[in-house]
2 protein chains.
Amino acid sequence: MGTQERKLREREAREALFLDTAERMIAENGFMKLQMGPLAAACDYATGTLYQHFQSKEDLLLAMTSREFEVHLDFFRKVERWQGGTPRERMIAIAVAELEFARRHPQHMKLKHYVLTEAVWEQTSEARRTEALACSGPMSEIVNRIVRDAVEAGDLDTRGLSLTATSLGPWSLCEGMTALGQVQGLMEALQIADSERLLFRHLQTLLNGMGWQPLVELSDDGETAALVSRIRKEVFDISRP
Amino acid sequence: MGTQERKLREREAREALFLDTAERMIAENGFMKLQMGPLAAACDYATGTLYQHFQSKEDLLLAMTSREFEVHLDFFRKVERWQGGTPRERMIAIAVAELEFARRHPQHMKLKHYVLTEAVWEQTSEARRTEALACSGPMSEIVNRIVRDAVEAGDLDTRGLSLTATSLGPWSLCEGMTALGQVQGLMEALQIADSERLLFRHLQTLLNGMGWQPLVELSDDGETAALVSRIRKEVFDISRP
DNA sequence: CCGAAAAATGAATCAGGTTCAAAATTCGAC
DNA sequence: GTCGAATTTTGAACCTGATTCATTTTTCGG
């Protein structure tokens, strides 16, 4: 019986239509302006139909972030494909990937930040939450492989920590710095001019602290800056100042 | 003319009443359940009066977080008063203060997280935003003094970074880890059992990377765990496992 | 082709933040 | 004391926008 399958396919296609359209509307007006009625109308469906797919508006927003994750993951995969550096350099490249993703998809960073708020999170369906959390798996696998490569190359000793626990350090640092950077006006108030450069500096510091070889001389930001710009060019095909 | 002053005083008293009451209502039902009408009613004022103080609900929420900051700051001051450790240990104590604050005021951590969302932030008044950002000043001064003490004691060389830029590393790490920890289910998904212990581990790693003396042996979490529990007892008057 | 079951519809409902015209109060002047 | 302009308070009405659900339409096996 192909009927069931067809229905399922149609349902998925429609869900994709909703999400594609929402994507476009968000790109135009920001996610705060997204409205359920107009979204449904823009897809030539009734509002109620939208609610056959998404338990609530928050649920839809979470679905959006889970979906964007594929794009985000691609940034990580580019790092994985890149073989032009040491494991340590590839770890730095992961951070560059984060920044690059944030630069190219600012709306999505904001949306993600918003959705991870408990207030929003708890308005979503169990199923979507599970789906969203599952995203962390492939991401951390890529990072874990980098850590493992370093260990196998003898560059790093995790000293009892699992691969994931090890990579959670750099991840948190990156996450925290970008979160603080998102707060409008905070860096200015702290008189921090270049938070991006500072992130890499602290990242290198952390990796040094782990004893991740080859150690980097911290007094000289230039070396790291050069590395970052090399990564931008070789991995993300961009030349920026 | 004392009339003006009295009015001003009464106005401030009323604002405090609103915030106190909101505080209580949030403690009871969480901030998502807070409603403007019922809040005004609970204070025996009309809804409109509430709007003489707060531009919007988001503005009120931001005011709440700015206010709680005094409590938060007190946690930092306790660390400052504590003279039972090296500068490095006091830096760790700052992280303990963060965790302790989060443990005792979970609603406020969630509220803060929510308010710092761009979507919410932009609904607030310029004045409140300025006030909120001003909070970061006294906090970072306390941390800066710890860093400076370390430098003066010859324990640390910031290698060209300002005090604030230096402390932004540990701060980001702490912020990032707690932010990730807030996401329900993420740590479970990553099979991280004890994210708190991990935070301290990475923090020590970062400080080691900075060359902050005396260096700590990372293989042995026990030493750090003992320190943390000593800080909890001496600074925050708690004994926990 | 029938009728039961499933799906779609969109107007009505509901929630709750915000406004604003009317009522009440304050305050200085006489 | 009291008058009236200015200020403040009031709270019902308004408005936006998410969500629901009674009704209509479509689907599909027999």
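The model shown is predicted, which means the values in this text are computed figures rather than measured ones. Residue numbering restarts at 1 for every chain, and letters A, B, ... go by the order of the sequence lines.
Side-chain contact check for B/His108 and B/Glu23: at least one donor-acceptor pair (N or O, by modelled atom type) lies under 3.5 Å. In this model, a donor atom of one side chain and an acceptor atom of the other lie less than 3.5 Å apart for B/Ser125 and B/Asp59.
In this structure, A/Glu10 places its CD atom 13 Å from C1' of C/dA6, rounding to the nearest Å. Across the protein-nucleic acid pair, A/Lys57 atom NZ and D/dT19 atom C1' stand 12 Å apart, rounded to whole Å. Nucleotide C/dA15 holds its P atom 14 Å from the CD atom of A/Gln123, rounded to whole Å. One interatomic measurement links the two molecules: CD of A/Gln55 to P of D/dT19, which rounds to 9 Å at whole-angstrom precision. Rounded to whole Å, the distance from CG on B/Asp59 to C1' on C/dT18 is 13 Å.
Counting non-hydrogen atoms of other residues, nucleotides and ligands closer than 6.0 Å to CD of B/Gln191 gives a total of 12 or fewer.
Remark: B/Arg14 in residues 12-20 of chain B come within less than 4.0 Å of DNA chain D through at least one heavy atom. Scanning residues 30-53 of chain A for heavy-atom distances under 4.0 Å to DNA chain D yields A/Leu34, A/Gln35, A/Met36, A/Thr47, A/Tyr51.
Partners of B/Pro106 according to the side-chain contact (heavy atoms from CB on, under 4.5 Å) rule, which considers only residues two or more places apart in sequence or in another chain, do not exist here.
Note: A/Phe236 and A/Phe75 meet the aromatic proximity criterion, with ring centroids under 6.0 Å apart. A ring-centre distance under 6.0 Å is found for A/Phe18 and A/Tyr45. Here B/His113 and A/His113 bring their ring centres to under 6.0 angstrom of each other.
For B/Arg14 and B/Glu10, the salt-bridge test fails: no basic side-chain N is under 4.0 Å from an acidic carboxylate O.
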